[in-house]
Enquirer: 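Before I ask anything, here is the structure I am working with.
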Number of protein chains: 2
Amino acid sequence: MFEKYNEKDISMTFAKGLEVLEAFSGTDRSMTIPNIAEKTGLNRTVARRLVLTLQYLGYLECSNRVYKLTPKILGLAGEFLQGRDIGKHVTPILRSYSLKLGEGISFAMLDGTEAIYVAHSPSDPGMITQGFTVGYRLPLHATGIGRVLVAFSTDEMQEQLLQDAPRTAYTEDTKIDLEDLRLDLKKARINGYALVANEFEQGVTSLAVPVMRGSALIGALGIVGPTPRFEDANGLFERILALRECAEAIAVFA
Amino acid sequence: MFEKYNEKDISMTFAKGLEVLEAFSGTDRSMTIPNIAEKTGLNRTVARRLVLTLQYLGYLECSNRVYKLTPKILGLAGEFLQGRDIGKHVTPILRSYSLKLGEGISFAMLDGTEAIYVAHSPSDPGMITQGFTVGYRLPLHATGIGRVLVAFSTDEMQEQLLQDAPRTAYTEDTKIDLEDLRLDLKKARINGYALVANEFEQGVTSLAVPVMRGSALIGALGIVGPTPRFEDANGLFERILALRECAEAIAVFA
DNA sequence: ATAATTTGATCGATAATCGAACTTATGTTT
DNA sequence: AAACATAAGTTCGATTATCGATCAAATTAT
C-alpha cells in the first residue's frame, strides 16, 4: 500500500486529519460530524476529534453543528503563491500578455492526476469569466492545459498518468481511447502546443503551451474560447507565439 | 491552554502536522527536515515523519533534501473559494466595479488577528499590481480593510482583536495607541468606511467598506492607491458609494 | 409528552507515536 | 585526498495519545 514509503514513516493520525480537511469538497461544503465520518470512513469519535482540532486551529467554523472551511486555508495557499512569486511576477506577466491577446490566460500545474489553476488573468471587459479561480481543478485528458502537462512530462510519468488519470467522456468528442490519446500527446510534443476542441464542453476549445525550465516541466499556459475563434490559422499561430513568449517569461520564476 | 476546548478533543499529532505545513511561510519556502524541526520546535524524528506524510500525500515535494510546497495546497483553497462562490460570482462583481472605478478592488476576510485576501480584481492596464494574491495577509491596525474588519466586528470581538493583534509601527504615521485606534474604529463605524493614509506605507492610502449580511460581518472591500488620489472629496465619495454598492452585491454570496 | 434520532462525553485497551541512541551519507576543510 | 563536521536515515523500547464501544445528554419528530 505504501509503495516506496515505509509504513513507520507515515503518521496515520495526520493523514486522517488531512483527509477530513479534504472532505470539504465538491458539493459537501458544509457538513456535520457524522457526515464527515461517513464521507471519510472514519469512526465518528475520531472524526469528531479531528474536526475539533481543525476548529481549534481556525480552519473550520461551526454554526448549528454544521462545519465549513474558513478563509484560513487561503493562508497556506498564499504561502505557496508567494513562494513561487506568483502574485509578484507571474500574474503581472500573465496580465500583460492577456491584454496583448485580448484573451484570458491561465497558468496551471500538475497535481496528481489533475491540472490545478495557479494563476489566472481574466479576459477583456465584457467577456464572461468562467469562474476559474486559483485551486480550480481540470481533467488532464480533455483540456489543452491537461494534455500539455501530460505530453511534456517524462516518458515514465506520462505513462503513469495515462494509466491512472480518469478518462471521463464529457462530450461526444472526448478522446478516451488510450491509443488516440498517445497519438495526440506525441503530436502535442512535436508541435509544442495542444489544441483541444469540444472535448470538455461542446463549442469550447482550449489552446495550451508548456512552461519549461530546461527539460523540466513546470506547468502550462492556456487560453479558452469558442471553437470558431481557433479556426483561423493566422490567429492561432499568433496566439501560440504569444503564449510561448509568455511561458518563457514565466519560466524564470515558479 | 485549551480555553474552552477539552484537551482530549484535540489531536496533538494532527495539530503538529499542520504546524509543519504552516512552517512553510515567510522566507522559509524551502526547508530541510532539521530546519523544519527547529522552526516548529518538534523533535527531528517527529518532524521527519510528518514531513514524509505530507510528501506521501502530495503536499510537499523534495529535491536535494529540501522540501517545498506543491500546488496541491491550492486545491484546498479552491474548495473554500468554490464553496463561497468566489470565482463564479464574487470576482466578476469585483471586476465590473473595478472597471467602473478604474481601480483594483480587493475582498478580504478576517483570519485570526489578520486580514486575508480572498479575491482581487486588478487595476486598469498599465498600473503596477502590487503582487497581492489570494491568501495574502494584511495587518488589522494599519490598513483600511483591517480597520473596517475590526470596526464592524461585534463589540466583544473588537475588544479581543484590539488586545490580541500586534500593532507594528510600519511608518511614522502608524497609529499604535489603543485609544487612538478605538476612536478611529468608532469613526469608521459611524461613517461606514475607513480611510487609512500612510500608516502601512508612506504615500499609500487605503479605503475600505464592510461587507455585511444583516448585522453579521462577512468581510471588507478595499482599494489602495497613492495618498493624493484620495484627497479630493468628490472622488472619495464616488469611490465609497461604488464600493458600498459592490459590497451589497457581494453580500448575497460569500 | 413520548419516542426516535442525533450528538456529546467517558474511559480502559491498544497501538501509534515519541525520541534517545546509533548508523550511514554528504559535503567541507585542511 | 583524508579527516572532520554536519546532516539525514534507522532502530526500538517506553510512553502516552489515539481509538472506539458504550453510555449520557440533547435535539427533533411523532
Side-chain angles (χ1 to χ4, degrees), chain A residues 1-24 27-70 83 216, chain B residues 1-70:
Chain A
M1 182 187 181
F2 287 124
E3 303 231 71
K4 66 173 187 171
Y5 290 87
N6 188 334
E7 283 201 37
K8 287 278 162 198
D9 289 337
I10 304 294
S11 170
M12 304 297 280
T13 308
F14 185 25
K16 284 174 196 168
L18 288 170
E19 213 180 323
V20 168
L21 199 54
E22 288 169 6
F24 288 81
T27 51
D28 303 322
R29 282 129 191 205
S30 41
M31 291 189 281
T32 67
I33 287 174
N35 286 157
I36 296 164
E38 192 189 13
K39 185 163 184 188
T40 56
L42 295 169
N43 176 287
R44 195 173 55 82
T45 314
V46 173
R48 180 171 173 274
R49 181 147 25 80
L50 296 170
V51 165
L52 290 177
T53 304
L54 283 168
Q55 185 184 15
Y56 172 69
L57 295 174
Y59 288 100
L60 292 179
E61 63 189 9
C62 174
S63 71
N64 284 75
R65 285 165 185 172
V66 174
Y67 291 83
K68 58 178 185 172
L69 291 171
T70 71
Chain B
M1 183 184 179
F2 288 124
E3 302 229 72
K4 66 172 187 171
Y5 290 87
N6 187 334
E7 283 202 37
K8 287 278 162 199
D9 289 337
I10 304 294
S11 170
M12 304 298 280
T13 309
F14 186 24
K16 284 175 196 167
L18 288 170
E19 212 179 323
V20 169
L21 199 55
E22 288 169 5
F24 288 82
S25 65
T27 51
D28 303 321
R29 282 128 192 206
S30 40
M31 290 190 282
T32 65
I33 287 175
N35 287 158
I36 297 164
E38 192 189 13
K39 185 164 184 187
T40 56
L42 295 169
N43 175 286
R44 194 173 56 81
T45 313
V46 174
R48 182 173 173 271
R49 193 172 45 261
L50 296 171
V51 165
L52 289 178
T53 305
L54 283 168
Q55 185 184 16
Y56 173 68
L57 295 173
Y59 288 100
L60 292 179
E61 63 189 9
C62 175
S63 72
N64 283 79
R65 286 167 184 171
V66 174
Y67 291 84
K68 58 179 185 172
L69 291 172
T70 71

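Naming convention: chains lettered A, B, ... in sequence-line order (proteins, then strands); numbering from 1 in each chain.
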Enquirer: Output all residues satisfying side-chain hydrogen bond (donor to acceptor under 3.5 Å, both in side chains) with Thr40(A), sequence neighbours left out; order by chain, then residue number.
Expert: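 Applying side-chain hydrogen bond (donor to acceptor under 3.5 Å, both in side chains) to Thr40(A) gives none.
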Enquirer: Would a distance-only check, ignoring hydrogens and angles, find a side-chain to backbone donor-acceptor pair under 3.5 Å from Ser11(A) to Arg49(B)?
Expert: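 A pair under 3.5 Å: no.
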Enquirer: Give a yes or no answer on whether the side chain of Asn43(A) reaches the backbone of Thr45(A) with a donor-acceptor pair at less than 3.5 Å.
Expert: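 Yes, Asn43(A) side chain to Thr45(A) backbone: donor-acceptor pair under 3.5 Å.
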Enquirer: In whole angstrom, give the distance that lies between atom CG of Leu42(A) and atom P of dC19(D).
Expert: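 Nearest whole value for this atom pair: 8 Å.
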Enquirer: Whole angstroms only, please: what is the CE-P distance between Met12(B) and dT18(D)?
Expert: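 Those two atoms, CE and P, are 7 Å apart.
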Enquirer: Rounding to 10 degrees, work out the angle separating the end axes of the helix from dA1(C)-dT30(D) to dT30(C)-dA1(D) (five pairs an end).
Expert: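 If I round to tens, the end axes sit 50° apart.
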Enquirer: List the residues meeting side-chain hydrogen bond (donor to acceptor under 3.5 Å, both in side chains) with Tyr59(B), not counting sequence neighbours, and say none if there are none.
Expert: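 Residues passing side-chain hydrogen bond (donor to acceptor under 3.5 Å, both in side chains) with Tyr59(B): Glu22(A).
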Enquirer: Leu52(B) CG to dT17(C) C1': how many Å, rounded?
Expert: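 Atom CG in Leu52(B) sits about 14 Å away from atom C1' in dT17(C).
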Enquirer: Arg48(B) side chain: which of dG8(C), dT18(D), dG9(D) is closest?
Expert: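 Minimum distance to the Arg48(B) side chain belongs to dG9(D).
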Enquirer: Using a cut-off of less than 4.0 Å, is there contact between a side-chain N or O of Thr13(A) and OP1 or OP2 of dT17(C)?
Expert: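 Indeed, a polar side-chain atom of Thr13(A) lies that close.
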Enquirer: How many Å lie between CG on Leu50(B) and C1' on dA16(C), as a whole number?
Expert: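 It is 12 Å, rounded to the nearest whole Å.
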Enquirer: Write down the distance between CD (Gln55(A)) and C1' (dG8(C)), rounded to a whole number of angstrom.
Expert: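 Atom CD in Gln55(A) sits about 14 Å away from atom C1' in dG8(C).
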Enquirer: With the sugar-phosphate defined as primed atoms, P, OP1 and OP2, and the base as all remaining atoms, what B/S/- string results for nucleotides 20-26 of chain C, 5' to 3', for protein heavy atoms under 4.0 Å?
Expert: B----SS
Enquirer: Of the nucleotides dT7(C), dG8(C), dC19(D), which has the atom closest to the Ile33(A) side chain?
Expert: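 When the side chain of Ile33(A) is considered, dG8(C) is the closest of dT7(C), dG8(C), dC19(D).
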Enquirer: Is Lys16(A) near enough to dT18(D) that one of its side-chain N or O atoms lies under 4.0 angstrom from OP1 or OP2?
Expert: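 Result: no.
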Enquirer: Table please: side-chain donor-acceptor pairs of residues 12-21 of chain A below 3.5 Å, with sequence neighbours left out.
Expert:
none

Enquirer: What's the spacing between Leu54(A) CG and Cys62(A) SG if we round to 0.5 Å?
Expert: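 Result: 12.5 Å between the selected atoms.
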Enquirer: Atom CZ of Arg49(A) and atom P of dT10(C): how far apart are they, to the nearest Å?
Expert: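 Distance check: Arg49(A) CZ to dT10(C) P gives 14 Å.
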Enquirer: I need the CG-C1' distance between Asp9(A) and dG19(C), as an integer number of Å.
Expert: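 So the CG-C1' distance, Asp9(A) to dG19(C), works out to 14 Å.
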Enquirer: Under the criterion side chain to side chain contact (heavy atoms under 4.5 Å, CB included), I'd like the reasoning laid out for Leu60(A) against Phe24(A): C-alpha separation, chi angles, the key distance, then a yes or no.
Expert: CA-CA 10 Å; Leu60(A) 292 179; Phe24(A) 288 81; 3.7 Å; yes
Enquirer: Can you sort out the partners of Arg65(B) under side-chain contact (heavy atoms from CB on, under 4.5 Å), two or more places apart, ordered by chain and number?
Expert: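 Residues passing side-chain contact (heavy atoms from CB on, under 4.5 Å) with Arg65(B): none at all.
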Enquirer: Test Arg44(B) against Ile33(B) for side chain to side chain contact (heavy atoms under 4.5 Å, CB included), laying out the working first.
Expert: CA-CA 7 Å; Arg44(B) 194 173 56 81; Ile33(B) 287 175; 4.2 Å; yes
Enquirer: Once you round it to whole Å, what is the distance between P of dT17(C) and CZ of Phe14(B)?
Expert: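 Atom-to-atom, Phe14(B) to dT17(C), this comes out as 13 Å.
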